[in-house]
Amino acid sequence: MPDKPSLDGIEAKWVDVWDESGVYHFDRTASRPDVYSIDTPPPTVSGSLHIGHVFSYTHTDIVARFQRMRGKSVFYPMGWDDNGLPTERRVQNYYGVRCDPSIPYDPAFEPPAKPDPKRQVPISRRNFIELCDILTVEDEKVFESIWRRLGLSVDWRHTYATIDDNSRAAAQRSFLRNLARGEAYMAEAPTLWDVTYRTAVAQAELEDRERPSAYHTLAFHRPDGSDVTIETTRPELLAACVALVAHPDDERYQDLFGATVRTPLFGVEVPVKAHRLADPDKGSGIAMICTFGDTTDVTWWRELQLATRPVIGWDGRIVAEPPAGVDSAPAKEAYAALAGATVHTARERTVELLRASGELLGEPRPITHPVKFYERGEKPLEIVTTRQWYIRNGGRDTAVRDELVQRGRELNWRPKHMQVRYENWVEGLNSDWLISRQRFFGVPFPVWYPLGADGNPRYDAPIVPEESALPVDPGSEAPAGYTEEQRGAPGGFTGDPDVMDTWATSSLSPQIAGGWERDDDLFARVFPMDLRPQGQDIIRTWLFATVVRSHFEHGSLPWSNAAISGWILDPDRKKMSKSKGNVVTPLDLLERYSSDAIRYWAASGRLGTDTALDEGQMKVGRRLAIKILNASKFALSVAGEHTGPDAAAVTEPLDRAMLAALADTVEDATAAIADYDHTRALERVERFFWNFCDDYLELVKARAYEADSARGASARTALLIALSALHRLFAPFLPFTADEAWSWWHEGSVHGAAWPAADELRTAAQDGGPAVLAATAEVLRAVRKAKSEAKLSMRADIERVVVRGKHIDDARLAADDIAAAGRVARLDFDASDDADLHVEVTLPAAAE
RNA sequence: GGGCGUGUAGCUCAGUUGGUCAGAGCACUCGGCUUACAACCGAGCGGUCGGAGGUUCGAGUCCUCUCGCGCCCA
């Protein structure tokens, strides 16, 4: 026990001790009922770790430590999400390279010595992936060291990365099973498309952003030579127009339904259709349908069975060849002016052409409206018809949707209201889950296609590998029955060029971490898991996708509880995010206040509730940690360091009262933390502890020094019993401080000790109730107040104190302790007064 | 526009089924070097619980409307 307890260096010391002792190791001999398993969120290692991570991961660690002390074998793995676009972007910027799949592999490649992100060196796909692998390993080391310093009680023998062999095999295996059962399918269909990254994106990755635009009024021509006018924000898609549409009840257009009109500039004959989604109040009430301007166009195109005239290519530019129907010489001339242009330029040129032809009525009228973006993208999404892989998710199938809604209802949500967000999302789905991405650093689809004699792929007859061969890379491995020489040759094969969306892998995190189809014994002990902790922003993605995969593969939920953390707001209550530039990195705070202080702040934020970054709370946490060390040192120096005090020695009513109050605290805290209310648990423990220090320790100080009396032994024993429980109660919240203080008088870690039992404390308290302590503390407070108002030292002697009232008996039981703590010469009790409790203090004459 | 959450002391937040629930900490003021802790201790100041109605013997608490803020969806 040090002379001067301190938090300095406490993290480094205990991180090493815990690592060597293996106190956080999962005991895989435990059977499922004795296991508590956690589906830890794999952080995106290519991003920086910020204080929000520390916040939510601390919540999970509190639960893990509590369950461990409660006797569970805790399965607490850590994953790294390194698969996907964020890593590609980081590698591009870090090394100054970009992936060009057409370039052959260069085994001797060295990244540029002076990377220039603006002049990226094109490299082969394999070289690019090698760089991704190198950099993610480095990033993961940084994350791990911060997690250890924060005190996460992760079992570091159980880690995974979403791009490692096990993850790729699991993602491919699950996909093949989805495919075999008909839950995964390929389709060529209009797809939301990011033109910058040149990849398809899923509904869950969309976000609306307000963008300036303009309404353009265009004249279409009726057969009789008169005009019908429509309004559009996308005149550049005029060549892609396939119909006009108005609401079936709209009186203005009844005579046009079934007729055709000619488009401006291109003179294409298009039908006029009726559809309920046309809004009569918007513009002229009649709109042009293009293939494709937005998702409503897709709905119309599908339901009205319209022609297809695509004009936007994968690169976001107008394609070279005009679509079918743009046949006349003037039409081709107009189209040629647009071909190859970006959407932006094509719009300007179209407006010029329309103005020249007189088919633009009036001037464009500027507006602001929401436009769909890929959440990581910088340009508006286009809709391009492409061949993609999908997994059913209820978006086009009400039976599946109902099942998934039902799964959401089976889950124990903390807080409860988060379930609504899940349900709203599932019920609002309008398409299946698009999982293929035209990118590089991801899990490849384990699929090849035979090539016909004409060299074209037979998409209807995909070749799949045996599960035992996984993971496979169809881009470098040949399917069974073929040789590598047959790649790309007529009669040979070709590998599917796409990779899976990151969520298609991370949605299998319980299976990956739990050893699904790799370690059946482990999997049986941990799955379905107990807890999924995560942020509220990814309910629609990670949480939902994980439910979908488990529902199809296992017919069950992947976990029984979901703990949803809130946001971290900056001190001005703005959401912390990279784009706002108000992100705070944790290392500086961890160093300034100590890890336990940061954990204290995090623990004071409830699940699902946004919490402000509050250094004041960190200071409070630091103060609490230091106080625990000092109080422990004092109690142990007075009481001796006996780890197994004899509860029968607690004979004094005040001591029994304190233990009874502690038993209540344990009961409350246990119930709260078991119900994922760590905030309440901490508050209870903390409140007891401060009262313990301010009142009880002061009251028994003198008595505890009495070496040979039963009264002294009672105090010393009670101190040790309370201290032991307090160290254990604080252990989940302040693991460094708790283990430090615990180590002064115990072998082994507090984190391997049993969670305190209220029953044992009640047994020690015997007939005692908390009232004696409460009444005693009240008298002491009155004495202190009198001294304070007289501007006296707390050590000043008091001549006389009279305690009056009906309820003096409780306080009278600790009369000697009150007199000693208050330095009261004469302490009298008078039961004649009707008040509950009333204290009269007579100060020493010198002070009057 | 729809959904969810949230407004309590200058700040950060507790306030379980309506009945000592108007609280805690920080900040501030005053006092105290007290043998665990001055990085400490003691005391004090401070709010018509966002607003307006309603139910009730009684409303931060329940209902309705309304205002502010945050997030999600359209």
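Note on naming: letters A, B, ... go to the chains in the order of the sequence lines (proteins, then strands), and numbering restarts at 1 for each one. Values reported hereafter were calculated over all heavy atoms of this structure, with side chains retained and with hydrogens, waters and symmetry mates removed. If you're wondering where the values come from, they're calculated on a predicted model, not measured in any experiment.
When distances run from any side-chain atom of A:Asp610 to the nucleotides B:U16, B:A43, B:G70, the shortest one goes to B:G70. When the nucleotides B:U35, B:A14, B:C4 are ranked by their closest atom to the side chain of A:Glu683, B:A14 comes out on top.
Against RNA chain B, the stretch residues 711-734 of chain A makes no heavy-atom approach under 4.0 Å.
Every residue two or more places apart in sequence or in another chain that forms a side-chain contact (heavy atoms from CB on, under 4.5 Å) with A:Ala796 is listed here: A:Leu792.
At a threshold of 4.5 Å between non-hydrogen side-chain atoms, the residues A:Tyr215 and A:Thr233 count as touching.
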Dot-bracket encoding of pairs in RNA chain B, which uses [ ] for pseudoknotted crossings and | for another strand, Watson-Crick or G-U under 3.5 angstrom: (((((((..((((.....[...)))).(((((.......))))).....(((((..]....)))))))))))).
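A:Arg823 comes within 4.0 angstrom of nothing in the nucleic acid, heavy atoms only.
Screening residues 661-673 of chain A for side-chain hydrogen bond (donor to acceptor under 3.5 Å, both in side chains) gives A:Asp664-A:Arg762, A:Glu667-A:Arg762, A:Asp668-A:Arg684, A:Thr670-A:Trp755 as the qualifying pairs, with residues at least two apart or on separate chains.
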Tabulate protein N/O versus nucleotide N/O from nucleotides 7-9 of chain B, keeping only pairs under 3.5 Å, one per line.
none

Sub-3.5 Å pairs of nitrogen or oxygen atoms, protein against nucleotides 24-31 of chain B:
{"unit_1": "B:C26", "atom_1": "OP1", "unit_2": "A:Arg623", "atom_2": "NH1", "d": "3.1"}
{"unit_1": "B:C26", "atom_1": "OP1", "unit_2": "A:Arg623", "atom_2": "NH2", "d": "3.4"}
{"unit_1": "B:C30", "atom_1": "O2'", "unit_2": "A:Lys791", "atom_2": "NZ", "d": "2.8"}

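Taking only side-chain nitrogens and oxygens, A:Lys701 never comes nearer than 4.0 Å to OP1 or OP2 of B:U35.
In this structure a side-chain-to-backbone donor-acceptor pair under 3.5 Å is missing from A:Arg599 to A:Leu734.
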